[in-house]
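Along the sequence shown, residues are numbered consecutively beginning with 1. Keep in mind that this is a model prediction, so the values were computed, not measured.
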Amino acid sequence: MAAGLSAAALPSLAQAQGASQPALTPGPPGRPGRHRVDEPAAVEVNARPLPSFDIRDRGRVRFGALEYRSGLILTSSFAGFGGLSALRLDAKGERFIAVSDQGTWFSGRIVYRGREMAGLDDVEAAPLLDAHGKPITATRGWYDSESLALDGSIAYVGLERVNQVLRYDFAKGFTRARGEVVPLPAAARKLPINKGLEALVFVPKGLPLAGTLIALSERGLDTGGNLIAFLVGGRTPGQFSVRRTENFDISDAVLLPSGDLLILERKFSWLGGAGIRIRRLALSDIAPGAVVDGPAIFNADLGNEIDNMEGIDAHVTDEGETVLTMVSDDNFSLIQRNLLLQFTLVD
């Protein structure tokens, strides 16, 4: 099943440049508890539909440049299900691969009823493995997996707690593949422990920065108070910044075929509550030393069906519609939810 899912979920099988394999350096104290997954397991996921997105106006479907399609509240009796921090979909928006912040892969299939999501099927959980074939959680602090990027059969996973990136070749066993440490700029190791590497995007051929892994921090700030990001590999490696406004932090990103980079952001305060937004950046503006900015195309708050939105991806339907899929991290909390939301990008 794993090999078949790998082929279905990935548009091509491509080889990426090999990375050296430094020894894993223990991170700060703390490790996952009962939600940790130590071996592959089938997972039954229950899905309850969200027929509308706006709590105040159930008939509203347009939100900035997005139009609401459907949503699901996901639950499971499997103790390791939750903490969903990043996901990537196949070209049809059906098969998915996701990571939990507890060092876990989740793979499976989104079931549709017409254009609306109806549930998840064929779901499997498996531990992220290190270079020796052991769960990465065996090394102290190596579990806060927050970001995911794909380059053909190559997957990159960012670990926020230790600010490292692991490279997996899905052609060598899909979620049973072993991870190799990707060398990063020294400045990446200086990012805040819990506000570090939060989003990864790999730039394919035919676009500016082709062959580059873009790594964005949640709230690592430069001297100007802007969000630190890195260009890893490619022809112009280096550091750049994303202008920080309105106290938003980065939670994920996705690259559209047009070359636009969509940044998913969130903020929270006890007085102002929670909010999310999506900003559109031009990939052509990104270069070492640049400070990039772009307009917000979507905003939502607690008057909408949101939670701790941490993952975003995009696919194009047979009808030519660009669909954005967002997922939330419930932090394994009884007062938070695992949401799966889909919108059509209208503008």
Item to check | Residues Glu246, Glu265; criterion side chain to side chain contact (heavy atoms under 4.5 Å, CB included); working and verdict | outcome: CA-CA 11 Å; Glu246 301 180 34; Glu265 299 177 306; over 6 Å; no
Checklist entry - Going by heavy atoms in the side chains, are Glu146 and Leu197 under 4.5 Å from each other? => result no
Item to check | Test item: Phe96 and Leu120 side chains (from C-beta on) under 4.5 Å apart, heavy atoms | outcome: yes
Checklist entry - When you check the side-chain N and O atoms of Ser153 and Asp169, is any donor under 3.5 Å from an acceptor? => result yes
Next on the checklist: Can you see whether Ser258 engages Arg280 through a side-chain donor-acceptor pair at a distance of less than 3.5 angstrom?
Outcome noted: no
Looking at every non-hydrogen atom in both residues, tell me the closest pair between [X] and [Y] and how far apart they are.
{"X": "Leu216", "Y": "Ala253", "answer": "CD1-CB, 4.1 Å"}
{"X": "Leu129", "Y": "Ala177", "answer": "CB-O, 3.7 Å"}
{"X": "Ala187", "Y": "Gln239", "answer": "CB-OE1, 3.6 Å"}

Counting neighbours of [atom1] on [X] that are heavy atoms of other residues, nucleotides or ligands and sit closer than 6.0 Å, is the number greater than 12?
{"X": "Arg48", "atom1": "CZ", "answer": "no"}
{"X": "Glu44", "atom1": "CD", "answer": "no"}
{"X": "Arg56", "atom1": "CZ", "answer": "yes"}
{"X": "Arg58", "atom1": "CZ", "answer": "yes"}

With a 3.5 Å distance limit and no angle check, can you tell me whether [X] reaches the backbone of [Y] through a side-chain donor-acceptor pair?
{"X": "Arg60", "Y": "Arg62", "value": "yes"}
{"X": "Thr322", "Y": "Leu345", "value": "no"}
{"X": "Asn304", "Y": "Ile306", "value": "no"}
{"X": "Ser85", "Y": "Gly83", "value": "yes"}
{"X": "Asn163", "Y": "Leu191", "value": "yes"}
{"X": "Ser70", "Y": "Met117", "value": "yes"}
{"X": "Asn308", "Y": "Ser328", "value": "no"}
{"X": "Asp313", "Y": "Leu89", "value": "yes"}
{"X": "Ser52", "Y": "Gly59", "value": "no"}
{"X": "Arg176", "Y": "Phe170", "value": "no"}

Item to check | Matching residue for Tyr112 among Glu94, Gln342, Lys92 - test: side chain to side chain donor-acceptor pair (under 3.5 Å) | outcome: Gln342
Determine whether [X] and [Y] fall in the same hydrophobic cluster, where Ile, Leu, Val, Met, Phe, Trp and Tyr are linked whenever their side-chain heavy atoms lie under 4.5 Å apart.
{"X": "Phe106", "Y": "Val327", "value": "yes"}
{"X": "Phe343", "Y": "Leu256", "value": "yes"}
{"X": "Ile228", "Y": "Tyr156", "value": "yes"}

Checklist entry - Can you say whether the rings of Phe332 and His35 are parallel (under 30°), tilted (30 to 60°) or perpendicular (over 60°)? => result parallel
